[in-house]
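Positions are given from 1 along the sequence.
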Amino acid sequence: MRTYLISYELAKPHLLKHVVAQAIMAAGQSWARPLEQTWYVRTEESEEALEAKLTRILDTDDGLLIQRVKEDAVLTNTSVRWFKQRQGGVEITADSNIIAFPMAPAGPTDEPELPFAEAC
């Protein structure tokens with residue numbers, strides 16, 4: 001498994017920001033996002049394969065950096081928390097912090113819902 005640093009700069013971030021994020025999260029088995037436009041991705045793919053996937057959705061004015069890195073890093077005012085790529089059939093238990101879409105139907109609540117307040 002290889003670890004890559006992926007960083008990008010979008011000329012029109014309001015149009016592509018979420019599309020690029022989804023493509024990066026789907027590019028490997030796990031990912032981390034220590035800064036807004038900086039990602040770590042763990043994958044078996046090469047730099048060239050990652051570039052081919054991402055440049056399909058980038059505009060000609062967008063910048064892209066893909067670099068293979070070691071596990072060690074110095075981080076200031078940030079941290080790395082690894083997430084696994086979402087997969088179908090995720091088992092969700094009541095004490096889990098995982099949210100899978102579509103969400104499982106909600107079970108019965110312990111307390112009844114309070115009525116809406118009425119204006120006087």
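In terms of heavy-atom proximity, A27 sits nearest to V41 at C-CG1, 4.3 Å.
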List, one per line, each side-chain donor-acceptor pair under 3.5 Å for residues 13-20, sequence neighbours excluded.
none

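Side-chain contact check for I24 versus L50: every heavy-atom pair is 4.5 Å or farther apart. Using a 4.5 Å cut-off on side-chain heavy atoms (C-beta onward), I66 and L5 make no contact.
Here side chain to side chain donor-acceptor pair (under 3.5 Å) pairs that include residues 34-44, with residues two or more places apart or in two chains, are R42-E71. The salt bridge (Lys or Arg N to Asp or Glu O under 4.0 Å) analysis of residues 49-64, with sequence neighbours excluded, yields the pairs E45-K53.
Scanning for side-chain hydrogen bond (donor to acceptor under 3.5 Å, both in side chains) contacts around Q67 gives an empty result, with sequence neighbours left out. Not counting sequence neighbours, T55 has no partner by the side-chain hydrogen bond (donor to acceptor under 3.5 Å, both in side chains) test. E9 pairs by the salt bridge (Lys or Arg N to Asp or Glu O under 4.0 Å) definition with nothing, not counting sequence neighbours.
The CZ atom of R68 sits 8.0 Å away from the OG1 atom of T3 when rounded to the nearest 0.5 Å. Within the model, atoms CD of E47 and CG of L65 stand 10.5 Å from one another, a figure rounded to the nearest 0.5 Å.
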